[in-house]
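Below, each value reflects all heavy atoms present in this structure, side chains not excepted, and no hydrogens, waters or symmetry copies. Model, not experiment: these values are computed from the prediction. Each ligand, and each atom within it, is numbered from 1 in the order the structure gives.
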Amino acid sequence: MTKETQQVEAIKNGSVIDHIPANVGIKVLKLFKMHKTNQRVTIGLNLPSSALGAKDLIKIENVFISADQANQLALYAPNATVNQIENYEVVKKLTLSLPERINTIFKCPNSNCITHNEPVDSSFTVIAKQEDIHLKCKYCEKVFSREIVTERT
Ligand code: CTP
Ligand code: ZN
């Protein structure tokens with residue numbers, strides 16, 4: 001089953017997040033708490049990729065990532081592919097689209113925002129005009145550029 005091109009050992013069942021930009025893999029892993037599982041997680045960093053030059057890759061055994069969950073990754077890795085593996089075969093390949101909302105992952109950059117003092121989860125509406133992505137906080141209603149929100153978390 002192992003292909004000559006397989007750079008990280010194939011898995012029997014689970015999810016493979018492929019085509020993550022190099023240097024973003026660790027961030028994605030931690031932000032989405034993918035390492036906080038009892039399942040085996042294997043990662044590949046700076047793997048050669050014809051499309052990206054270099055890429056990161058995360059394999060999580062026995063965990064199946066839903067389309068909604070996969071889309072939460074789109075702010076960091078819009079071109080990532082989430083593959084579902086069953087009995088060593090790729091049975092589903094999800095490409096990501098920006099979600100309408102993003103909850104819990106990011107902190108609101110507004111230090112006066114109520115989310116910093118109350119036990120509530122953050123929640124942003126995603127506003128996308130072509131390449132230009134902004135996030136609007138549900139609580140303070142301020143709008144921030146994608147970079148401001150993601151770099152602070
Ligand atoms: N993979 C795996 N275990 C398997 C099957 C596939 O870890 N049993 C991984 C492959 O290594 C690859 C990803 O799942 O990183 C997708 O597999 P596949 O669709 O076969 O690879 P490509 O055709 O290269 O995918 P793409 O077209 O998305 O680049
Ligand atoms: Zn806010």
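Around the Zn ion (ligand 2), the protein contributes the following N, O or S atoms at distances under 2.8 Å: C108 SG, C113 SG, C137 SG, C140 SG.
Side-chain contact between C108 and H116 is present, with at least one heavy-atom pair separated by less than 4.5 Å. I20 places none of its side-chain heavy atoms less than 4.5 Å from the side chain of L57.
Placement of V91 and I17 in two distinct hydrophobic clusters is found when ILVMFWY residues are connected by side-chain heavy-atom separations under 4.5 Å, directly or transitively. Put simply, I26 and V41 are part of the same group of oily side chains (I, L, V, M, F, W, Y) that touch within less than 4.5 Å, one to the next. Cluster membership for V143 and L135, using ILVMFWY side-chain heavy atoms within less than 4.5 angstrom, is not shared.
Put simply, the side chain of S145 never gets that close to the backbone of H134: no donor and acceptor are under 3.5 Å apart.
Grouped with Y139 in one hydrophobic cluster are I114, V120, the linkage being side-chain heavy-atom contacts under 4.5 Å among Ile, Leu, Val, Met, Phe, Trp and Tyr residues.
Contact atoms of ligand 1 toward D18: 12 (C), 13 (C), 15 (O) (distance under 4.0 Å to a heavy atom of the residue). In summary, the atoms of ligand 1 found under 4.0 Å from a heavy atom of I11, numbered by their order in the structure, are 2 (C), 3 (N), 4 (C), 7 (O), 8 (N). Atoms of ligand 1 found under 4.0 Å from any heavy atom of L57 (numbered from 1 in listed order, with element): 15 (O). Atoms of ligand 1 found under 4.0 Å from any heavy atom of K59 (numbered from 1 in listed order, with element): 2 (C), 7 (O), 11 (O).
Counting heavy atoms closer than 4.0 Å to ligand 1, residue K93 contributes side-chain atoms (C-beta onward) but none from N, CA, C or O.
In terms of N/O distances under 3.5 Å, ligand 1 is not approached by K55. Looking at E89 next to ligand 1, no N or O pair under 3.5 Å apart turns up.
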Tell me which donor-acceptor pairs under 3.5 Å the side chains of residues 98-105 have, and how far apart each pair is, sequence neighbours excluded?
unit_1: R101; atom_1: NE; unit_2: S123; atom_2: OG; d: 3.3
unit_1: R101; atom_1: NH1; unit_2: T125; atom_2: OG1; d: 3.3
unit_1: R101; atom_1: NH2; unit_2: S123; atom_2: OG; d: 2.7
unit_1: N103; atom_1: OD1; unit_2: S123; atom_2: OG; d: 2.8

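Taking the six-membered ring for Trp and thresholds of 30 and 60 degrees, F32 and Y76 have ring planes more than 60 degrees apart, a perpendicular arrangement.
Residue pairs meeting the salt bridge (Lys or Arg N to Asp or Glu O under 4.0 Å) criterion with at least one partner in residues 55-70, sequence neighbours excluded, are D18-K55, R40-E61.
Ligand 1 lies less than 4.0 angstrom from a heavy atom belonging to H19.
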